[in-house]
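Read through the structure below, which is laid out as structure tokens, and then see the notes.
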2 protein chains.
Amino acid sequence: MIEEQVHTKTRLLDAAEKLFGQNGFDATSLRDITTEAQVNLAAVNYHFQSKDSLIDAVIGRRLEPVNRGRIQMLDAAGPSPTLEQILQAFLAPILEQEIWPAVPLIGRVLSNPDQFLERVFKKHLAAVAKRFGDAIAQALPGLPAEEVAWRLHFMAGSMSHVLVRSQVLPAMSGGLCQPQDREALMARLVTFLSAGFRAPATRLEGN
Amino acid sequence: MIEEQVHTKTRLLDAAEKLFGQNGFDATSLRDITTEAQVNLAAVNYHFQSKDSLIDAVIGRRLEPVNRGRIQMLDAAGPSPTLEQILQAFLAPILEQEIWPAVPLIGRVLSNPDQFLERVFKKHLAAVAKRFGDAIAQALPGLPAEEVAWRLHFMAGSMSHVLVRSQVLPAMSGGLCQPQDREALMARLVTFLSAGFRAPATRLEGN
DNA sequence: GTCTATAGGTTGATAGAC
DNA sequence: GTCTATCAACCTATAGAC
């Protein structure tokens with residue numbers, strides 16, 4: 001056959017990615033996935049051992065290329081990248097065309113505090129977080145380390161929120177928000193976040 | 001009895017709030033809840049009709065006072081509140097001492113895109129969102145409506161993220177983030193978000 | 001109001017034919 | 001590699017005694 005066959009394993013990953021992103025991990029059964037993929041129920045346990053392993057595979061397939069892209073863009077910005085370059089390197093790979101179908105899934109991962117998924121999160125994201133935290137601290141020399149750490153979480157929250165809710169943002173904003181325009185979304189995010197990061201360190205009364 | 005008896009209904013709401021916040025709605029069974037509350041399984045269906053109704057009750061018990069507090073603080077700031085006053089009115093009621101045990105739950109609600117919870121979200125939050133959106137638009141007269149709508153979502157994301165992950169932020173930040181200090185957290189959020197809101201409108205290439 | 005007991009359905013996972 | 005058939009465990013919800 002010249003035509004490339006779409007294998008059962010790939011069909012399962014695609015279906016699981018779609019349904020996990022739509023309804024979450026707990027609410028998606030293996031039967032939902034095999035029905036969507038139009039394969040047999042037993043195929044899940046043949047190609048993957050368990051539902052947990054399937055979840056891990058679904059996540060890793062998308063997150064690994066994203067993280068490689070992030071590091072690559074950050075490296076390409078040279079030894080002393082600007083704050084905007086750092087933010088773009090972090091955001092752009094996740095808003096790329098090819099990744100778009102997996103965006104709800106990634107949002108799910110980022111907003112799920114369960115222990116299992118937290119482990120997966122740390123497995124795939126801890127190194128990248130460290131790298132970008134260091135880059136931002138270097139770009140903003142006056143900012144205390146606690147403030148950098150907090151603002152990284154504010155950034156992660158803004159990003160994951162617009163990802164998770166991308167399907168319903170238009171309705172919730174009376175049509176004002178159009179997440180399909182990914183370039184505009186990234187530009188708005190960079191504008192908002194870079195201003196937030198450049199704010200003077202918070203003056204705390206107690207200290 | 002002079003001592004106030006903690007009724008089964010309240011024990012159920014407390015236990016459900018704790019477990020829903022820790023593990024999510026789908027992953028928490030009624031058995032988990034009745035075990036935690038040390039009441040019988042059938043009590044759930046006696047005091048509430050169904051799991052969905054229980055979820056609704058758990059959410060409403062916390063979100064209604066929060067929203068009343070938000071409107072109250074915004075009203076107290078007068079007819080032309082500053083951006084900082086608006087942000088504080090939105091954030092303070094959810095970071096108050098009495099509400100703190102329910103914070104993971106509220107984070108769960110905000111990060112859950114399922115249709116049922118989305119309906120609950122709109123039921124409890126749409127009016128407040130409109131009110132605060134208008135206030136921010138008034139405080140930042142030059143900012144286009146789309147930009148205001150987007151930045152409201154960025155704010156909601158930052159807030160919900162630190163709520164959802166409040167249990168694990170210290171570990172993820174190497175001890176730098178201490179969410180227990182709620183006053184400091186609110187001050188840092190207001191600093192970051194007000195700078196973001198005050199950023200000039202994003203210049204889009206396509207327009 | 002609180003319990004026991006159980007109905008009725010769904011789940012993840014596996015055994016074994018082909 | 002793919003199927004059918006099925007198990008054991010779990011779930012929500014209810015019936016009915018007390």
Side-chain angles (χ1 to χ4, degrees), chain A residues 1 3-61 105 108-109 112 114-117 119-120, chain B residues 1 3-61 105 108-109 112 114-117 119-120:
Chain A
M1 273 209 241
E3 179 92 10
E4 177 68 12
Q5 177 84 11
V6 179
H7 296 80
T8 297
K9 197 168 181 176
T10 304
R11 299 172 61 82
L12 278 172
L13 286 172
D14 290 341
E17 172 177 291
K18 174 182 172 184
L19 295 177
F20 284 152
Q22 276 180 12
N23 307 320
F25 298 99
D26 292 325
T28 303
S29 70
L30 297 183
R31 282 168 178 79
D32 293 337
I33 295 169
T34 52
T35 301
E36 169 79 23
Q38 294 184 307
V39 304
N40 190 270
L41 171 61
V44 173
N45 273 76
Y46 177 78
H47 289 284
F48 312 88
Q49 297 92 329
S50 64
K51 186 182 181 179
D52 279 355
S53 297
L54 172 63
I55 293 176
D56 208 10
V58 168
I59 295 170
R61 180 174 72 141
L105 171 87
R108 283 283 180 181
V109 176
N112 198 319
D114 291 346
Q115 287 181 329
F116 171 79
L117 292 169
R119 190 165 46 79
V120 173
Chain B
M1 272 209 246
E3 178 91 9
E4 177 69 11
Q5 177 83 11
V6 178
H7 296 81
T8 298
K9 196 167 181 176
T10 304
R11 298 171 62 82
L12 278 171
L13 285 172
D14 290 341
E17 172 177 290
K18 174 182 172 183
L19 295 177
F20 283 153
Q22 275 180 15
N23 307 319
F25 298 99
D26 292 324
T28 303
S29 70
L30 297 184
R31 278 170 182 76
D32 295 337
I33 294 168
T34 53
T35 301
E36 170 79 21
Q38 294 185 306
V39 302
N40 191 271
L41 171 61
V44 173
N45 273 79
Y46 177 77
H47 289 284
F48 312 88
Q49 298 93 328
S50 65
K51 185 181 182 180
D52 279 354
S53 297
L54 173 63
I55 293 176
D56 209 8
V58 168
I59 294 170
R61 181 174 70 140
L105 171 87
R108 283 284 181 181
V109 175
N112 198 318
D114 291 346
Q115 286 181 326
F116 171 77
L117 293 169
R119 189 163 47 79
V120 174

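Remember, predicted model here, so these are calculated numbers, not experimental data. Numbered from 1 within each chain, the chains take letters A, B, ... in sequence-line order.
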Is the backbone of Arg31(A) close enough, under 3.5 Å, to the side chain of Thr34(A) for a donor and an acceptor to pair up by distance? yes
Measure NE2/His47(B) against C1'/dT2(C) and give the value in whole Å, please. 8 Å
Rounding to an integer number of Å, can you tell me how far Tyr46(B) OH sits from dT2(C) P? 8 Å
Measure from CG on Asn23(A) to C1' on dT10(C) and round the result to the nearest Å. 16 Å
Kindly say if Thr8(A) contacts the phosphate of dT2(D), meaning a side-chain N or O under 4.0 Å from OP1 or OP2. yes
Asn40(A) CG to dT2(D) C1', straight-line distance once rounded to whole Å: 7 Å
Length of the CD-C1' vector between Gln38(B) and dC3(C), whole Å: 16 Å
Please answer whether the main-chain N or O of Gln49(B) pairs with a side-chain N or O of Asn45(B) as donor and acceptor at a distance below 3.5 Å. yes
Can you tell me the distance, in whole Å, between the CD1 atom of Ile55(A) and the P atom of dT11(C)? 14 Å
Protein within reach of the bases, or only the backbone? For nucleotides 13-18 of chain C, mark each nucleotide 5' to 3' as B, S or -, using heavy atoms under 4.0 Å. BB----
Does any part of the side chain of Ile33(B), heavy atoms only, come nearer than 4.5 Å to the side chain of Phe20(B), both counted from C-beta? yes
Please answer whether the main-chain N or O of Glu36(A) pairs with a side-chain N or O of Arg11(A) as donor and acceptor at a distance below 3.5 Å. no
OP1 or OP2 of dT10(C) sitting under 4.0 Å from any side-chain N/O of Ser29(A)? no
Think Lys9(B) forms a cation-pi with Phe48(B), using NZ or CZ under 6.0 Å from the six-ring centre and within 45 degrees of its axis? yes
For Ile33(B) and dC11(D), what is the distance between atoms CD1 and C1' respectively, to the nearest whole Å? 12 Å
Any donor-acceptor pair under 3.5 Å from Asp32(A) side chain to Ser29(A) backbone: yes
Arg11(A) CZ to dG1(D) P: how many Å, rounded? 15 Å
